[in-house]
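If you're wondering where the values come from, they're calculated on a predicted model, not measured in any experiment. Basis for what follows: all heavy atoms, side chains included, without hydrogens, waters or symmetry-related copies.
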Amino acid sequence: MAGTSIIDLVDGFVATLRRNGVEIDRQAVEAEVGERLADIAERLGVGVHVVLRDYASEDWGRQMALAVVAQIREDHLLDVAPR
C-alpha cells in the first residue's frame, strides 16, 4: 500500500462534498481528520505517519465524504440532490 497524506485526505473529502453541493470549512476538516488519525494511531499503538502509510488509502477522504453526503440525505439535513 502506498499510503497517503493528510492533505490528500482533506482534499478528497472537501472536493467530494463540494461536488455534491455541500460547502465546508477546510480548516475544520483538517482538524477533524487530524483528530481521527491520531485516535486510530493511538488505538493501533503506532504513529500517525504509520497510519497514513500503512492503513489509510488514497481514496479514504472521498469515501468518508460520500458517507457524510449519504447521511445528510438520509437525515434530510440539507437540500442536497443526488449527483
Side-chain angles (χ1 to χ4, degrees):
M1 199 181 297
T4 190
S5 71
I6 291 175
I7 291 170
D8 289 338
L9 296 176
V10 171
D11 286 348
F13 190 90
V14 170
T16 301
L17 285 182
R18 286 190 177 142
R19 277 193 300 275
N20 284 277
V22 178
E23 290 295 321
I24 192 163
D25 178 68
R26 182 181 177 83
Q27 288 180 321
V29 174
E30 288 173 358
E32 181 68 23
V33 168
E35 289 175 18
R36 287 184 182 225
L37 288 169
D39 184 50
I40 292 167
E42 183 178 331
R43 289 173 190 240
L44 294 173
V46 299
V48 169
H49 68 283
V50 174
V51 174
L52 288 167
R53 184 190 68 216
D54 296 344
Y55 299 100
S57 72
E58 291 180 29
D59 201 35
W60 185 67
R62 186 185 73 78
Q63 292 172 1
M64 293 300 103
L66 290 173
V68 168
V69 169
Q71 187 70 46
I72 288 170
R73 288 183 182 137
E74 183 178 313
D75 293 347
H76 307 287
L77 298 175
L78 298 171
D79 286 332
V80 178
R83 291 185 182 192

field: Partners meeting salt bridge (charged side-chain N to carboxylate O under 4.0 Å, His left out) with Glu74 (sequence neighbours left out)
entry: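 Scan of Glu74 (salt bridge (charged side-chain N to carboxylate O under 4.0 Å, His left out), adjacent residues dropped) gives none.
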
- request: Sequence neighbours left out, what passes salt bridge (charged side-chain N to carboxylate O under 4.0 Å, His left out) with Arg26? Give chain and number order.
  value: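 So Arg26 forms a salt bridge (charged side-chain N to carboxylate O under 4.0 Å, His left out) with Asp11, Glu30.
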
Considering residues at least two apart in sequence or located in another chain, which fulfil the side-chain contact (heavy atoms from CB on, under 4.5 Å) criterion with [X]?
{"X": "Val33", "result": "Ile6, Leu9, Val10, Val29, Leu37, Trp60"}
{"X": "Glu42", "result": "none"}
{"X": "Leu66", "result": "Thr16, Asn20, Arg62"}

task: Specify the closest pair of heavy atoms between Gly47 and Ala41, including all atoms of both residues, with the distance to one decimal.
output: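 Answer, listing the atom of Gly47 first, then Ala41: C-CB, 3.8 Å.
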
Nearest-0.5 Å distance, [atom1] of residue [X] to [atom2] of residue [Y]:
{"X": "Ser5", "Y": "His49", "atom1": "OG", "atom2": "NE2", "result": "14.5 Å"}
{"X": "Glu35", "Y": "Ile40", "atom1": "CD", "atom2": "CD1", "result": "12.0 Å"}
{"X": "Tyr55", "Y": "Leu44", "atom1": "OH", "atom2": "CG", "result": "5.5 Å"}

field: Full working for side chain to side chain contact (heavy atoms under 4.5 Å, CB included) between Arg43 and Asp39
entry: CA-CA 6 Å; Arg43 289 173 190 240; Asp39 184 50; 3.1 Å; yes

query: Around Ile7, counting heavy atoms of other residues, nucleotides and ligands shown, do more than 12 lie under 6.0 Å from its CD1?
result: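 No, the 6.0 Å shell around CD1 holds no more than 12 heavy atoms from other groups.
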
task: Using the test side chain to side chain donor-acceptor pair (under 3.5 Å), find all partners of Gln27 that sit at least two apart in sequence or belong to another chain.
output: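 If we apply the side chain to side chain donor-acceptor pair (under 3.5 Å) test to Gln27, skipping adjacent residues, there are no hits.
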
